[in-house]
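Bear in mind the structure is a predicted one, so any value in this text is a computation, not a measurement.
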Amino acid sequence: MSVTGIVTAAVVVGVVGIFVGLFLGVAGIKFKVKVDEKEEAVLAALPGNNCGGCGFAGCSGLAAAIAKGEAPVNACPVGGEPVGQKIAEIMGVEAEASVRKVAFVACQGDCDKAKKDYDYYGIEDCRMMSFVPGGGPKSCNSGCLGFGTCAKVCPFDAIHVVNGVAVVDREACKACGKCISVCPKKLISLVPYEGKLAVACSSSDKGPVTMKACQVGCIGCGICAKNCPAQAVTVTDFHAVIDQEKCTGCGTCAEKCPKKAIVKL
């Protein structure tokens, strides 16, 4: 190839390069997506776990909603009050006081206390139990199945199965709610971290039925409600419920409960 041909080729490549560069530069300016600076700042302040506990599709979804005023500044359950305060400063508003919450499993029916109707061999996923007889091998149809589906979905390693029942690590729990959504028995709920007492049972069966299935099941006897000085306990459908706002944590209900179904949080 002659020197002239090489020079010509180099010039052509250079001109094409300049043209492409100019085209991309103009296109970048013309089609540039406007970025909400507050949204970017809020996203940077969020923890980035993308757990979905806020109800949005990840942290970016929450950041966009907060920037538009469609979500409260303290909507992130993982970041809690510190992150809420930081986002409030970014948005120029005051953050409402938030109550730290943790997941609570309303069941104590472990392998020693709950009876079994049969031995189960199969896929260890609580959600699959709707396809097996009785909804699971345990006699109590309301109790924890113990196959750990909640533990598998927890992004913070805050829930583990101990002796056949799920147990929450209160310090590790960020109240994202993923364990709540996958529990087929609806045993898990969010309770105040500063809460005092709770009923660790979800059975609404009559007393004799519950006693046959579990040693620590609530039998709806009402002794807890009758002895509560703060009137914080009520019994509905053979099941006791504690009003966390009224409860003073005196422990009388737990002390009087004949089945020890009431526990300290």
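- Checking side-chain atoms of Ser139 against main-chain N and O of Lys115 turns up a donor-acceptor pair under 3.5 Å.
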### Criterion side chain to side chain contact (heavy atoms under 4.5 Å, CB included) on Ile188 and Ile159, from CA distance to verdict
CA-CA 11 Å; Ile188 310 175; Ile159 188 165; 4.2 Å; yes
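- Each of Glu124, Arg127, Met129 was evaluated against Thr149; a single residue qualifies, Arg127, per the side-chain contact (heavy atoms from CB on, under 4.5 Å) test.
- The closest side-chain heavy-atom distance from Phe156 to Asn49 is below 4.5 Å.
- Within the model, atoms SG of Cys214 and CG of Asp205 stand 11.5 Å from one another, a figure rounded to the nearest 0.5 Å.
- One hydrophobic cluster, built from ILVMFWY side chains closer than 4.5 Å, holds both Val73 and Ile90.
- Here the shortest heavy-atom pairing between Cys140 and Ala213 reads N-CB, 3.7 Å.
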#### Entry: Derivation of the side chain to side chain contact (heavy atoms under 4.5 Å, CB included) call for Gln108 and Val165
CA-CA 7 Å; Gln108 297 183 93; Val165 68; over 6 Å; no
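- Contact annotation: the side chain of Cys218 never approaches that of Thr210 to less than 4.5 Å [non-hydrogen atoms, C-beta and beyond].
- Distance check, rounded to the nearest 0.5 Å: CG of Leu197 to SG of Cys253 gives 4.5 Å.
- Of all heavy-atom pairs spanning Ala88 and Glu94, the tightest one is CB-C, 4.3 Å.
- Side chains of Met91 and Ile66 form a contact here, defined as non-hydrogen atoms less than 4.5 Å apart.
- Residues Val241 and Val235 fail the side-chain proximity criterion, which asks for heavy atoms closer than 4.5 Å.
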### Query
Does the side chain to side chain contact (heavy atoms under 4.5 Å, CB included) test come out yes or no for Ile242 and Ile262, once each step is laid out?
CA-CA 9 Å; Ile242 297 177; Ile262 300 178; 3.9 Å; yes
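- The minimum heavy-atom distance between Gly146 and Val161, with the atom names listed, is O-CG1, 3.5 Å.
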### Task
Start with the C-alpha gap between Leu145 and Lys185, add the side-chain angles, then the distance that decides, and say whether side chain to side chain contact (heavy atoms under 4.5 Å, CB included) holds.
CA-CA 8 Å; Leu145 294 163; Lys185 298 293 185 178; 4.0 Å; yes
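- Remark: side-chain polar atoms of Glu194 are not paired, donor with acceptor, to backbone N or O of Arg100 under 3.5 angstrom.
- To the nearest 0.5 Å, atoms OG (Ser204) and CG (Asn141) are separated by 10.0 Å.
- No single ILVMFWY cluster, assembled from side-chain heavy atoms under 4.5 Å apart, contains both Val162 and Val216.
- For Asp125 against Phe147, the heavy-atom pair with the smallest separation is N-CB, 3.9 Å.
- The shortest side-chain heavy-atom distance between Leu43 and Cys59 falls under the 4.5 Å cut-off.
- Asp243 is not listed as a side-chain neighbour of Thr234, based on a closest heavy-atom distance of 4.5 Å or more.
- Tyr118 places a side-chain N or O within 3.5 Å of a backbone atom of Pro133 that can act as its donor or acceptor partner.
- No single ILVMFWY cluster, assembled from side-chain heavy atoms under 4.5 Å apart, contains both Leu187 and Val132.
- Ile180 places a side-chain heavy atom less than 4.5 Å from the side chain of Leu190.
- Heavy atoms from other residues, nucleotides or ligands lying under 6.0 Å from NZ of Lys260 number more than 12.
- More than 12 heavy atoms of other residues, nucleotides or ligands shown are found within 6.0 angstrom of NZ on Lys259.
- By the 4.5 Å heavy-atom criterion applied to side chains, Val102 and Tyr193 are counted as neighbours.
- Both Val93 and Ile87 sit in one connected hydrophobic cluster of ILVMFWY residues. Membership requires side-chain heavy atoms under 4.5 Å apart, directly or through other members.
- Residues Tyr121 and Ile123 do not share a hydrophobic cluster, clusters being chains of Ile/Leu/Val/Met/Phe/Trp/Tyr side chains in contact below 4.5 Å.
- Of all heavy-atom pairs spanning Lys178 and Ser181, the tightest one is O-OG, 2.9 Å.
- Crowding of Lys152 atom NZ: a count of heavy atoms from other residues, nucleotides or ligands under 6.0 Å exceeding 12.
- The structure places CG of Asn50 at 6.5 Å from OG of Ser60, a figure rounded to the nearest 0.5 Å.
- For His239 (side chain) and Val199 (main-chain N/O), no donor-acceptor pair under 3.5 Å exists by modelled atom type.
- A distance of 7.0 Å separates SG in Cys247 from NZ in Lys196, rounded to the nearest 0.5 Å.
- Between the side chain of Lys138 and the main chain of Cys144, a donor-acceptor pair closer than 3.5 Å is present.
- Taking NE2 of His160 as the start and CG of Asp169 as the end, the distance is 7.0 Å to the nearest 0.5 Å.
- When all heavy atoms of Cys173 and Ala103 are compared, the closest pair comes out as SG-N, 3.3 Å.
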